[in-house]
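Remarks on the structure that follows.
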Amino acid sequence: MKCFLLCFAMMGFAVQHQFVIAKESDNLQASILFSAEMQLLGRKSDGGYARLASVLSELKQNDRPIFFLFGGNSLGPSPMSTFDSGSHIVDILNSLGPDAMGVTKREYSYFEEQLSLRAYEAAFPMVATNIIDPINMSIQDGLVSSVVISKGDIKLGVLAIVDPDAAQQYLLQRVEILDIKNSIIKEAKKLRERGANVITVMHAKQFTAIDDLLKEGIIDFSLLKDRYLDLSDNTGLGEFHTYKDPRVILTQPAEVAIVDIFINSDGLIDIQWSKKSLLNQLEDSEVAKQRNDYLRRLDRLMDLPLAKVTESFDTNRKIVRTRENRFGNFVADTLLSFTDADAALINSGIIRGNTEYQLGHTFSRKDLANELPFRTGVVVLDISGRDLINTIESSLSEYELQKGKFPHVANMQIQFNSSNSLGSRLLSLKIAGKEVVEGKLYKLATTDYLFSGGDGYISLKNGKLSKTSAATPALLSDLVMQKIITENRVGSPLSARVVNVNDRG
Amino acid sequence: MTEDNATKQVNRLSLNWVFTVSLLCIFLVFLFVSGLAYYRLVSVNQILENIAQNETPKILLFDKISTEATSLVFYTEQLAQAKNPPSLRIAQSAATSQLNSVGALIGRGDFPETVLVEFSAINAEIMELIQLVKDKINIESEVQQTEQSMYASFSDFLSESITSDSSNVDLKKTEWGVSFSNLIALSSQVMNTNRIHEINRTKELIANKFEILNSELAKKLPADKKPLANALSRLFKLYVLSGKGLIAQRIMQLRVDGRTRGRGEFTKKLVSDFSRSVGFQTQQLNGQIIRETERTNEFVSQQIHVVGLSTLLALLLLAVIGLILRIRVIERLTLLNQLVLGHLDVDKNEIKLQGNDEITDIAHTFKRFTRTIEQQKQALSVLAMSDGLTGIANRRAFDEELDRQITVAKRLHHPLSVLLIDIDFFKLYNDKYGHIQGDEALKSVAKVLKESLNRNIDFVARYGGEEFVCILPNTDINGAIQVAKRFGTAIANLQIEHKYSDAAPYITVSSGSATLQASELNLHSHADVLVKADKALYQAKEAGRNQARAYSE
C-alpha cells in the first residue's frame with residue numbers, strides 16, 4: 001500500500017509538474033542559495049553567518065545571477081535575543097543581504113510588535129504569506145505577503161508560510177494565521193500577474209498542503225529546513241526523495257541548499273538542487289567580526305559560572321518532550337522553592353538548550369540562557385482539581401509528536417499511558433502523594449505563558465491569580481539562576497513524577 | 001546515749017541541710033530565671049540590633065539602587081532617542097551621572113557576583129551606546145549635508161528664475177533633462193524611504209535610468225548642452241551613486257539606526273533586568289527579614305512563655321520551700337515551744353515531735369534538762385523539806401503533812417492525833433557538853449523517833465531547836481499516849497548521858513498529845529491541834545518531865 005502510494009506520488013510529480021530531467025542543452029538561468037535556522041551566533045555546529053557569507057560571495061563570482069533566500073527561524077529564541085529580540089540577527093543578515101527572508105513561528109518568539117520593528121530594520125523584505133492583521137485586514141506592519149525579485153531572465157516570486165500552531169504556541173494576539181493552501185493560491189496568482197515566472201515557498205515544517213500545491217503547479221518548488229524533521233518515517237520522502245524533487249529539504253544544522261534553475265528549449269522551467277555543508281568553509285572576516293562583537297557583548301554579561309554539574313543531564317529535545325528530565329524537574333522545583341504553592345507545572349517547550357551536560361562541566365549563565373531564553377514570568381494560581389486534571393490530560397495529547405506541551409512538574413505525580421486514545425491518557429494525578437480531588441482548590445505555581453493558555457493549556461485560564469502571586473511576576477530564568485547559585489547544583493533527581501506506563505525504556 | 005547517737009545518724013534530716021538546700025535552691029532558681037531572662041533578652045536584642053543596623057539599611061540601599069536603576073532605564077531610552085548633539089549631551093550626562101551614583105551605591109552593599117557582572121556590563125554597554133548614538137547623529141548630519149550639497153549643485157538646473165541661464169532652461173526641457181529631473185526626484189525619495197530593500201530597488205532603478213541617461217539620452221543632446229550635461233552627470237554620480245553618495249549614506253544611516261535601536265533595546269533590557277535583579281534581592285531580603293522578625297516574634301513569645309513558666313515554677317518552688325520550712329521548722333518549733341512551756345508532760349510524750357534533726361535534738365536535750373530539773377527539783381524539794389542536821393522532815397514538811405492529814409482525816413472520818421516531843425534540859429546539855437555533842441544527841445533522838453514509828457502513815461519532823469512533832473493519823477487519845485510512851489522509852493534506852501538533867505542522868509523527853517475527832521476538824525485545826533498539844537506538853541513539863549500528857553478540855 002505504501003509502495004503503491006509512493007509510485008503514484010512520483011508519477012504525479014512527473015506528469016503534472018511537467019518535470020523533465022535537465023539536459024546539457026538546457027540553459028542554466030540562475031541559482032538560489034537557501035539557508036535558515038541559525039539562532040545562535042556562538043554555535044559552531046550551525047555553520048554560522050560568516051561561513052554563509054563566504055559561500056554567498058563565492059557563488060556571486062559566477063556569471064549567472066544568484067538569489068539568496070533566507071528561511072528565517074533565527075530571530076529567536078536565543079540568549080542574545082532575550083535582550084534585543086533578534087536585532088543582532090537582522091544586523092548580521094543585513095551584512096549578507098538576502099533577497100528575502102521567510103517568517104516562521106520562531107520569529108514570533110518576542111511577539112508581533114518586535115517582529116514588525118525587525119522588519120523595519122531589515123535591508124530585505126520579510127515575507128509571511130498566511131499572516132493577517134485582522135483589524136485592518138492587511139499584512140502585519142512591516143511584513144509583506146510576497147515579493148518578486150528579478151535577476152536576469154528569472155522573475156522569482158517568493159512566498160513563506162508560518163506554522164498555524166504558532167497562534168497557540170506563541171500566544172499571538174494581534175495577528176491571525178490563515179489557511180496555508182488558500183493563502184498560497186491567492187498570492188501565487190498575484191505573483192503570476194506581476195510577471196513572476198518561478199514561484200517558491202519557504203517553510204520550516206512539513207505541510208501536505210505544500211506537496212499538493214507543488215503537484216498542482218501552483219508553486220514550482222519549496223524550500224524547507226528543519227533539523228528536527230525525521231525523514232525515516234515520512235512517506236513520499238526518504239529513498240524516493242531525489243535532488244530533482246521540487247521539495248528542497250534540509251535536515252542537518254549546517255546545511256545549505258543550492259537550487260539551480262534551468263530553462264529548457266521549450267521555455268519551461270526546471271530545477272535541480274544540491275546540499276552543501278558550511279562546516280568546512282572559510283569565514284568572511286567582516287561578518288565574523290560583527291559576530292564576534294556580539295558574542296563579546298553577550299559573554300561579558302553571560303560568562304558567569306553558576307555551579308558545577310555533579311550529575312550529568314541532557315536537554316535533548318526528544319528526551320525533554322517525552323519523559324521526566326533532571327533539568328525539567330529542577331525548573332519545576334524552582335517554582336516551588338520561591339512560591340507557597342502546593343505544586344508546580346511547566347511545559348517542556350521553554351527548555352531549548354538541546355544539549356548534553358557532562359559531569360564536571362561548569363554550568364554558566366550562558367548555558368542557562370540557552371536553556372531558558374524566553375522571558376517567562378512566574379505566577380501562582382488557585383485552580384480546581386478538575387481544571388488541573390483537564391490541563392494535564394491535554395498536555396499529553398500530542399505526546400507522539402514530541403510537542404513542547406509535554407509537562408514537567410514538582411510535588412505532583414502523573415501516571416499516563418501514551419498508547420491510549422486522546423482524552424484518556426491520564427491514568428492518575430496526585431499532589432503530594434494524594435489523588436487530586438476535582439472539587440478541591442489547589443495552589444499551582446506555573447508560567448504566565450501557560451496561564452495565558454499557551455501551548456493549549458486552555459484549562460489553566462480558569463485558574464485565578466493567587467494573592468501571593470507577585471504583582472510583577474519574577475522571571476523564571478532569574479529564579480532558576482538564584483536556585484543554582486544558592487544550592488550550588490543544577491538538576492533534580494528523577495522521582496517518578498511523570499510516568500508512562502507504556503514505556504519500555 | 002550511744003543508742004541515741006545511733007538513731008541520730010540513721011534517717012537524719014538535718015535542718016542545716018534543709019536550710020542550706022532550700023536557700024541554695026532559691027538562689028539557683030533566682031539565678032536561673034534571671035540568667036534565662038537576661039540571655040533571652042540579649043538574644044532578642046542582638047536580633048533587633050542586626051535588623052536595625054544591618055538589614056534595614058541594606059534594604060534601604062537595595063531599594064534605592066532599584067529606584068535609581070529604574071531611572072537609568074529612562075535615561076538609556078533618552079540616549080537611544082537622541083537626535084542631535086545637544087540632546088545627546090544632556091542624555092549622556094544624565095546617564096553617566098546616574099551610572100556613577102548606582103555604582104557608588106553598589107559599592108556600599110554586599111551584592112552577589114551576578115549583580116556586579118550585570119552592572120559592569122551595563123556600564124560598558126551604555127558607553128558603547130553613547131558612541132553609537134554619536135555615530136548615528138554624525139551620519140544623519142552627513143546625509144543631510146550630502147543632500148543639501150546635492151541640491152546646491154543642482155539648484156541652477158532646478159530653479160526656474162528669470163535670471164537663469166537660458167541654456168539651462170533649454171537643457172531642462174530636453175529628454176535628457178526630464179530624465180535627469182526624475183533621477184533627482186527619485187534620489188530625494190530615498191531620503192523618505194525607511195526600508196533598505198526599497199532603497200536598494202530604487203537604487204537599481206536609478207542606476208538603470210542613469211545608464212540610459214548617459215548613453216542614449218546624452219547622445220541626443222545638442223553639442224553645446226553636452227558639457228553641462230556631463231558636469232551634471234558627474235555631480236549626480238558623486239552625490240548619489242558613489243560610495244560616499246546619498247544612497248550609500250542613507251543605507252548606512254538606516255543600518256546604524258537599526259543597530260542603535262537594537263543596542264538601545266539590549267541596554268534597556270539589561271538595565272531593567274538589573275533593576276529587577278536588585279528588586280528581587282530586596283524582595284528576598286525583605287522576605288528574610290519578615291521571616292526573621294516572625295521568628296523573633298515567635299522566639300520572644302516562646303521566651304515569654306519560658307521565662308513566665310520558669311518564674312511560675314520558681315514561685316511554686318519558693319512556695320514549696322516556704323511550706324517545707326513552715327512544716328519542718330516553724331510548726332515544730334511552735335510545738336517545741338509548747339512542750340517547753342510545759343503544757344504537755346514531757347515524760348509522757350503525748351504528742352510526739354516527729355523527725356530527726358536539730359529541733360528534735362533540742363527536744364531531747366530539753367527532755368534531759370527537764371528531767372534533771374525534775375530530779376533537782378525533787379532533790380531540792382526533798383532538801384527543802386528535810387532538816388539539815390537530823391535528816392528527818394522539817395517544819396515546813398510537817399506543816400504541809402499536817403494540812404494533808406487533816407484533809408484525809410476529815411474525808412475518812414478518822415481521828416487525828418499530834419504529838420509534840422521536847423528534849424528535857426537540852427539547853428543545859430548543849431552548854432555543858434558542847435554544841436557538837438548536842439547536835440549528835442539531836443540526831444540520835446531523831447533517828448530513834450523515826451524508827452519508832454510503826455506505820456507508814458505516821459510522820460515525825462523536827463519542829464524546832466530541841467522540839468519534835470509527830471502526826472498520828474487515825475489515832476485516838478489512847479493510841480497517841482501509847483506512842484508517846486513508846487517514844488519516851490526508846491529515847492531513855494539510848495542512855496545518852498546527861499548529868500545535869502533533873503529528870504534522869506540521861507536524855508529524856510517530855511511529850512504532849514492532842515487529838516481531834518473528825519467532826520472537829522476545820523480550817524483552824526492546824527493551829528488548834530498544835531496549841532492543844534503544846535498545852536499538854538506544858539503539863540508534862542510541869543509534872544516533872546520525862547512523861548507524856550494528853551490534852552483534855
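First the proteins, then the strands, lettered A, B, ... as listed; each starts at 1.
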**Item:** Side chain, backbone, both or neither of L301(A) within contact of chain B (heavy atoms, under 4.5 Å)
**Value:** both
**Request:** Return yes when atom CZ of R276(B) has more than 12 non-hydrogen atoms of other residues, nucleotides or ligands closer than 6.0 Å, and no otherwise.
**Result:** yes
**Item:** E198(B), CD: over 12 other non-hydrogen atoms inside 6.0 angstrom
**Value:** yes
**Request:** Can you measure from OG1 (T114(B)) to CG (L306(A)) and round to the nearest 0.5 angstrom?
**Result:** 8.5 Å
**Request:** Tell me, for M302(A) versus chain B, whether the close heavy atoms (under 4.5 Å) come from the side chain, the backbone, both or neither.
**Result:** neither
**Message:** Suppose a student defines contact as a heavy atom less than 4.5 Å from any heavy atom of chain A. Which residues in residues 250-272 of chain B would they list?
**Reply:** R255(B), G258(B), R259(B), R261(B), G262(B), R263(B), E265(B), F266(B), K269(B), L270(B)
**Asked** So, are R300(A) and E128(B) salt-bridged, with charged N and O less than 4.0 Å apart?
**Response** yes
**Asked** Once you round to the nearest 0.5 Å, how far does CG of N194(B) lie from OH of Y120(A)?
**Response** 8.0 Å
**Prompt:** Got more than 12 heavy atoms from elsewhere within 6.0 Å of CD, E487(A)?
**Reply:** yes
**Prompt:** What do the steps show when you test M126(A) against H197(B) for side chain to side chain contact (heavy atoms under 4.5 Å, CB included), and what is the final call?
**Reply:** CA-CA 10 Å; M126(A) 287 196 192; H197(B) 60 92; over 6 Å; no
**Request:** Could you tell me which residues in residues 207-216 of chain B have at least one non-hydrogen atom under 4.5 Å from a non-hydrogen atom of chain A, sorted by residue number?
**Result:** none
**Message:** Which one wins on heavy-atom pair count under 4.5 Å against chain B: L479(A), I485(A), L304(A)?
**Reply:** L304(A)
**Request:** Select all residues of residues 80-96 of chain A having any heavy atom within less than 4.5 Å of some heavy atom of chain B, and report them by number, or 'none'.
**Result:** M80(A), T82(A), F83(A), D84(A), S85(A), S87(A), D91(A), N94(A), S95(A)
**Item:** Interchain contact, A119(A) with chain B, by part (heavy-atom threshold 4.5 Å)
**Value:** both
**Asked** If contact means a heavy atom pair closer than 4.5 Å, which residues of residues 148-158 of chain A contact chain B?
**Response** V148(A)
**Asked** Would you call E121(A) and R195(B) a salt bridge, using N to O less than 4.0 angstrom?
**Response** no
**Asked** Minimum heavy-atom separation for N200(B) to A123(A), with atom names?
**Response** ND2-O, 4.0 Å
**Message:** Does K203(B) have more than 12 heavy atoms from other residues, nucleotides or ligands lying within 6.0 Å of its NZ?
**Reply:** no
